[in-house]
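What follows is a short report on a single structure.
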Amino acid sequence: MNALGVSHINPQQFVKAVAKALSRYISTAKQPLNVLLSVQKPQIALRKSFLSQVFCSEILDQYPDIKTLKVLHAKIFIDQYLCCDPSLGIKLMRAYAACGEPGIARHIFDEITDKNVVFFNVMIRSYMNNRFYRDALLVYKTMSSHGVDADNYTYPCVLKACSGSDYLWVGLQIHGAVVKVGLDLNLFVGNGLVSMYGKCGQLVEARGVLDGMAVRDVVSWNSMVAGYAQNGRFDGALEVCREMEGLNLKPDAGTMASLFPAVSNASSDNVLYMKSMFMKLAKRSLVSWNVMIAVYVNNSMPTEAVDLYLQMEKEGIEPDAVSISSILPACGDISALLIGRKIHEYADKKKLRPNLLLENALIDMYAKCGCLEDAREVFDQMRIRDVVSWTSMISAYGITGQGHEAVALFSAMQRSGSKPDSIAFVSVLSACSHGGLLDEGRYFFDLMSKYGVAPRIEHFACMVDLLGRAGLVDEAYHFIKQMTIEPNERVWGALLGACQVYSNRNIGLIAADHLFQLAPEQSGYYVLLSNIYAKAGRWRDVATVRSIMKSRGLKKAPGVSNFELQGHIHTFLAGDQSHPQSKKIYQELDVLVGKMKELGYVPETDSALHDVEEEDKEYHLAVHSEKLAIVFALLNTESGTPIRITKNLRICRDCHIAAKLISKIAVREIIVRDTHRFHHFQDGVCSCGDYW
DNA sequence: GTAGGGTTAG
């Protein structure tokens, strides 16, 4: 505990603490201070002062880290001239706020006896920037009792505090006050009003303010764009963009950032629109790159995201913590381990850690690349962990089938004081199900209520999977019947899977009927469905399912596998012949299939029909993407190197058998991550135990 | 001596 950080301190204690901090600081011989002191020597002689006002100002304007700041503060505090310089007080407050210490800024603020409006503005901003919205508004409220009037700097800031805390009613009062003093004509204040109304969901009001403004600039329009985007109205937001372009106002990085909240699951047209906006930007700031990357990441375009990130580096733009936290999930998605590692090194080199979001993203990236040790190392190094960190690590163990580790970590999380939330329970339940930990799974499901977490459909689906996997098909069905919410296709799908494995036709038919009703064209279970109906002799249903497959099943996402070779991602589609090495790959595959047959491999003619996910029907006869990727990897890596493949769908039965045999024939570890879990093939065996 | 819009994870 540093005495300088405590708010109510008496001067004597403070000076003592200052002396201590100073000596400690000087003994560690930090360079900035040494430089600072040597530069200051002549001035010391002149003014009997450690530091000149100008020099302190300069340092403070650069927002020093908290340690330097406290030392500087101490020096200013004990200096008879500097300590009563109001401008240094302002800068100190600002710098503390930037370090996330508005409380210390408040301490300085309270010491000032004769506060003018600037002090209030800086104090309000300090709170606001640290999300202490209530405190910001409380300071605003005290202004009048000090005889100080809010000005054009105050209002934008308090308006932002209103929208941050959803205090629309305070915002309305402030709007009234603004109009009263005529500041609604001010550009900054007007923009603040548009933004406040927009964020509070009052789009009509926002538009009214915008239309009534005497002067508008690009920020005014961006505030309006943000209003629509924050309320999920992407089309409305784009319309405002077009309107502003019509007025010859060019969208800027702020426009892109404003659009961002609405771009998850954007249509491909809208992604293209964002891209063209990005390309047309006069100045591509770091934020605009970050937003464009995030657009790709949030719209399942990880390859584009990674390419853009690499291009950004090439153009000499230095990625920051935001860029990295955004791009890492994409690296994980396509198992771009080498790129991910390089980014990790870069983050360390740039001293971007500790940073909670970035470190969480690192864990996730390593986990998705199947590098549990690396994920764990990052996790262990973290100074602060939140529930996301724990959850990422738990699911990392879960998807590799290490259920016991996941369970142990969950307990550790409980002990650490992090409160598990809904997603944390999903991760531990799914870990139990992948690891076959029946009793533990039941325990955690019951535990949810003790944490006030209401089971959602994902939790139910995990439980059905867990019970079904353990062979308790009847109990799983019973469990579904007792569900408090309507089961969806994932739940019925899990049951159907269990029925297949444990040959339970009666319940299988029930599950199939439900799946059929729940839009079979979406579920991807239609093949299982048709097989089950066929076995039961329900030919009419078979015909219906087939016709649905024929009419709609064709335009689903094609199966794609990725393999990273020397920092480049090679992508294979089912039946792909576009790869430069295509000919060689197919030849080698033929050789392998020959050897596999010697080991008893029989290619199932309708093997593709066993796809649990929606593999394109047109590709059914073609070679699946994971086989191509595996063979490519075999051809291009040295023997002994593990092969890591990522697939965007679940692996099919035929490819699963093939991968097992190839791992034996070629004496290679093959690690395939599908949408469900990791399959670790070694010496003819898979870590999933052939049930997935 | 102080400004407005907007971007990061399970």
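The sequence lines fix the lettering, A, B, ..., with proteins before strands; numbering per chain opens at 1.
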Student check: side-chain heavy atoms of [X] and [Y] closer than 4.5 Å:
X: A:Thr646; Y: A:Asp333; result: no
X: A:Asn290; Y: A:Asp320; result: yes
X: A:Ser389; Y: A:Asp386; result: yes
X: A:His434; Y: A:Phe678; result: no

Shortest side-chain distance from [X], nucleotide among [options]:
X: A:Phe188; options: B:dT2, B:dG4, B:dT7; result: B:dG4
X: A:Phe260; options: B:dG1, B:dT8, B:dG4; result: B:dT8
X: A:Lys199; options: B:dG6, B:dG1, B:dT8; result: B:dG6
X: A:Asp151; options: B:dT8, B:dT2, B:dG6; result: B:dT2
X: A:Leu356; options: B:dT2, B:dG4, B:dA9; result: B:dA9
X: A:Ser195; options: B:dG6, B:dT2, B:dG10; result: B:dG6
X: A:Ile90; options: B:dG6, B:dG1, B:dA9; result: B:dG1
X: A:Val118; options: B:dG1, B:dG4, B:dG10; result: B:dG1
X: A:Val219; options: B:dT8, B:dG4, B:dA9; result: B:dG4
X: A:Thr391; options: B:dG1, B:dT7, B:dG10; result: B:dG10

Once you apply a heavy-atom cut-off of 4.0 Å, does [X] come out as touching a base, just sugar-phosphate, or nothing?
X: A:Phe119; answer: base
X: A:Ala321; answer: base
X: A:Asp364; answer: sugar-phosphate
X: A:Asp252; answer: base
X: A:Thr255; answer: base
X: A:Asp217; answer: base
X: A:Leu187; answer: base
X: A:Ser325; answer: base

Mind calculating the distance between [atom1] ([X]) and [atom2] ([N]) to the nearest angstrom?
X: A:Met143; N: B:dT2; atom1: CE; atom2: C1'; value: 11 Å
X: A:Tyr197; N: B:dG4; atom1: OH; atom2: P; value: 20 Å
X: A:Ile293; N: B:dG6; atom1: CD1; atom2: C1'; value: 16 Å
X: A:Asn186; N: B:dG4; atom1: CG; atom2: P; value: 12 Å
X: A:Met128; N: B:dA3; atom1: CE; atom2: P; value: 10 Å
X: A:Tyr366; N: B:dA9; atom1: OH; atom2: P; value: 19 Å
X: A:Leu281; N: B:dT7; atom1: CG; atom2: C1'; value: 13 Å
X: A:Leu159; N: B:dA3; atom1: CG; atom2: P; value: 16 Å

Give a yes/no answer on whether the side chain of [X] brings an N or O atom under 4.0 Å of OP1 or OP2 in [N].
X: A:Gln53; N: B:dG1; answer: no
X: A:Arg94; N: B:dG1; answer: no
X: A:Arg125; N: B:dG4; answer: yes

So, are A:Glu318 and A:Lys350 salt-bridged, with charged N and O less than 4.0 Å apart?
->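 Looking at A:Lys350 together with A:Glu318, the answer is yes, because their closest N to O distance falls below 4.0 Å.
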Report yes if a donor N or O on one partner sits less than 3.5 Å from an acceptor N or O on the other, where the partners are the side chain of A:Ser258 and the base of B:dG6; otherwise report no.
->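 No, the side chain and the base share no sub-3.5 Å donor-acceptor pair.
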Examine the base of B:dG10 for any acceptor or donor lying under 3.5 Å from a partner atom in the side chain of A:Asp421, and report the outcome as yes or no.
->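 By the distance-only test, yes, there is a pair.
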Short question: side chain of A:Asp364, backbone of A:Asn360 - any donor-acceptor pair under 3.5 Å?
->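 Absent.
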Hey, can you tell me if A:Phe425 and A:Phe410 have their rings parallel, tilted or perpendicular (30° and 60° cut-offs)?
->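 Because their plane-to-plane angle lies in the 30° to 60° range, the rings of A:Phe425 and A:Phe410 count as tilted.
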Give a yes/no verdict on base stacking between B:dT2 and A:Tyr153: centres under 5.5 Å, planes within less than 30° of parallel.
->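 Ring-base stacking flag set for A:Tyr153 and B:dT2.
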